[in-house]
Asks: 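Here it is: the structure, laid out below.
Each ligand, and each atom within it, is numbered from 1 in the order the structure gives.
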Amino acid sequence: MKAKKNSPIGVFDSGIGGLTVLKEINRVLPAEGTIYLGDTARVPYGSKSGDTVTRYSLEIAKFLVKQGIKLLVVACNTASAISIETIKKESPVPVIGVIDPGARAAIHASTAKRIGVIGTNTTIKSNTYLKAMKELDKGVHVFAMPCPLFVPLIEEGWIKGKIAVLIAKKYLRYFKDKKIDTLLLGCTHYPLLKPVLSEVMGDRITLVDSAIETGKEIKRVIKETGLERKSEIKPLRRFYVTDSPERFINVGERFLGQKIKNINKINVGG
Ligand code: DGL
């Protein structure tokens, strides 16, 4: 399949969290059209087995490729951690995940070479971030902690206040004696909790946001492959969800920082 410059970029996540990555794409590549798919009927991926996450991811990749995308962004950390190699094998268009950009940025940010990583149960259990960072720097010490309550907390909009701080303190206590200088936010949702995370960790710890790093990587790949959109016409931004759009719109507009229009419910499960 020949990718066309003016084709959109496909982005998917298990739900609304990947909008933090879409926001970055829109910010660094404002001329690009995008199709975002949130698998809201089957979220969360972070508590599911690897086989299930890969099956869901392949169904979505197939759907987006059919829409004529030129590049596929796996914005979900869990899907990136578990399924990226399989998706790459099956996809006729280039595929970018969030793990490698995040791992690179964390290595770059850490002078002590002691890095903490937080994510969903499935992401942390996979050790994918650990492997990615060790590949970049054998000497790095990585300390990982799953924080499963963060996703529902953020989905409820409880991104500040006592409860958020208490839960964060409970999880992040693990890092207290680890002497880390960098904390990698290995989940789409966590950038929204940044103020609470830095309050709990203290301002000497650098928080690395994989959404920002992935945005930079996408821009680099688009440029290197000569796939930049060249058009004066405003790019199209389309959304698909696998469950009712209402909740996605309500919570998603807060993630994206702008109105969500052009949204349709679809069935990707066959
Ligand atoms: N998108 C998921 C991730 O980044 C978080 C939500 C879920 O568990 O599906 O890992």
Asks: Give one line per pair: atom of ligand 1, protein atom, distance. Only N/O to N/O under 3.5 Å.
Replies:
from, atom 1, to, atom 2, distance (Å)
ligand 1, 1 (N), D13, OD1, 2.8
ligand 1, 1 (N), S14, OG, 3.2
ligand 1, 1 (N), T188, OG1, 3.0
ligand 1, 4 (O), N77, N, 3.0
ligand 1, 4 (O), N77, ND2, 3.4
ligand 1, 4 (O), T188, N, 3.0
ligand 1, 4 (O), T188, OG1, 3.1
ligand 1, 8 (O), Y45, N, 3.4
ligand 1, 8 (O), G46, N, 2.8
ligand 1, 9 (O), S14, OG, 2.6
ligand 1, 9 (O), Y45, N, 2.7
ligand 1, 10 (O), T78, N, 3.2
ligand 1, 10 (O), T78, OG1, 2.6

Asks: For H189 and F255, take the angle between the two ring planes, folded into 0 to 90°, and tell me which bin it lands in: parallel under 30, tilted 30 to 60, perpendicular over 60.
Replies: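 Perpendicular, since the angle between the ring planes exceeds 60°.
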Asks: For T52 and S49, does a side-chain donor sit closer than 3.5 Å to a side-chain acceptor?
Replies: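 Looking only at side-chain atoms, S49 and T52 do form a donor-acceptor pair, the distance falling under 3.5 Å.
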Asks: With rounding to the nearest 0.5 Å, note down the distance linking CG in N121 to NZ in K48.
Replies: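 Answer rounded to 0.5 Å: 12.0 Å.
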Asks: Checking side chain to side chain contact (heavy atoms under 4.5 Å, CB included) between F150 and each of L192, L193, L185, V196, which is the one that passes?
Replies: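 Among L192, L193, L185, V196, the one that satisfies the side chain to side chain contact (heavy atoms under 4.5 Å, CB included) with F150 is L193.
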Asks: Could I get the full list of side-chain contact (heavy atoms from CB on, under 4.5 Å) partners for T122, not counting sequence neighbours?
Replies: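 Checked T122 against side-chain contact (heavy atoms from CB on, under 4.5 Å); matches are T78, I82, T120.
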Asks: So, F12 versus F63, ring centres under 6.0 angstrom or not?
Replies: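 Judged by ring-centre distance (under 6.0 Å), F12 and F63 do not meet the cut-off.
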